[in-house]
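One structure below.
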Amino acid sequence: MVRDDKLLIANWKMNLPGEGIEDWLRLVKADRTTSVAVAPPFPYLARVAIADSGLTLVAQNCSAEREGAFTGEVSAAMLADVGVAWVILGHSERRHLFGESPQLIGRKVHAAQQVGLVPVVCVGEKEEIREEGKTDVVLQEQLAAALEHADRGMPLIVAYEPVWAIGTGKTATAEIILETHEMILAKLDESGFRDAPLLYGGSVTPDNAGELAALNGVSGFLVGGASLFSDRFLRITQALEQVALKSSKKG
Ligand code: PGA
């Protein structure tokens, strides 16, 4: 995995796609060249795995613990066992609705890498943090804790998802994405994660995907709401593919 890879993750959260799982997978599979990954809720992971769609299978969370008396938890090894390849960690809904601390997220990143899962580490600031001018400090703290025990020799993906942009229809401006991605990428380089792709997430839609995908430092998207219908999601994959095609011609 390298930073130039174009990646797209459909994060269904606690929803199922409008047309049903198998139809969504069939339609998305038939029409894509970008690397597409899908994160269904836990109980459907195996069903997506056996549908043999060729899409990368992603879990939305995992436990920091290996095994034991942890009711309701799912270990990274169990996810790997059912065919999961990547796991989203530190999503803002986990941080803010379920009280996950930066340290816990760091332990989860370690647990995931230990069994060969690729962590998709999400970082993002709340609106008041941006207004107070503290975005860089907060994001750097989140990153430092998430990467504290991470293995630099193993693949890792980061997603910048401003909390105020998630599910709100209020996408970050190009200017905000450019400057924030530049800061995060510098931090990743400095910490030895030079190959880590950096995704953007937060109200990505078919209408803004082309413009956002063309921004420097954007390797792709983590898509929530707009991933729930294959036609909307496919328009996003196509926008990303066009940008990838243009840059490969230039390069
Ligand atoms: P959204 O969610 O696309 O619905 O804003 C993004 C995410 O939470 O990953």
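Here, residue 1 is the first one in the sequence, and each next residue gets the next number. All ligand and atom numbering here is 1-based and tracks the order in the structure. For clarity, every value in this text was computed on a predicted model and none was experimentally measured.
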Between side-chain atoms of residues 140-150 and protein atoms elsewhere (two or more places apart, or another chain), which donor-acceptor pairs fall under 3.5 Å?
unit_1, atom_1, unit_2, atom_2, d
Gln142, OE1, Gly124, N, 2.9
Gln142, NE2, Gly124, O, 3.1

Side chain to side chain donor-acceptor pair (under 3.5 Å) contacts in which one or both residues fall within residues 166-178, not counting sequence neighbours: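 Passing the test, one end in residues 166-178: Glu127-Lys170, Thr171-Asn208.
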Return the orientation label for the Tyr200 and Phe221 ring planes: parallel under 30°, perpendicular over 60°, tilted otherwise.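 It falls in the perpendicular class, over 60°.
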By the definition side chain to side chain contact (heavy atoms under 4.5 Å, CB included), identify the one residue from Thr56, Val48, Leu57 that meets it with Val84.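 So, applying the side chain to side chain contact (heavy atoms under 4.5 Å, CB included) to Val84 and each of Thr56, Val48, Leu57, only Leu57 qualifies.
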Shell of residues surrounding ligand 1, defined by a 4.0 angstrom heavy-atom cut-off that is strict: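 Ligand 1 pocket, heavy atoms under 4.0 Å: Asn11, Lys13, His91, Glu161, Ala165, Ile166, Gly167, Gly202, Ser203, Leu222, Val223, Gly224, Gly225.
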Using distance alone, with no hydrogens and no angle criterion, decide if Trp164 and Glu125 have a side-chain donor and acceptor under 3.5 Å apart.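 Yes.
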Pairs of donor and acceptor atoms involving the side chains of residues 228-235, under 3.5 Å and at least two apart or interchain, shall be tabulated with distances.
unit_1, atom_1, unit_2, atom_2, d
Ser230, OG, Glu19, OE2, 2.4
Arg235, NH2, Asp207, OD1, 3.4

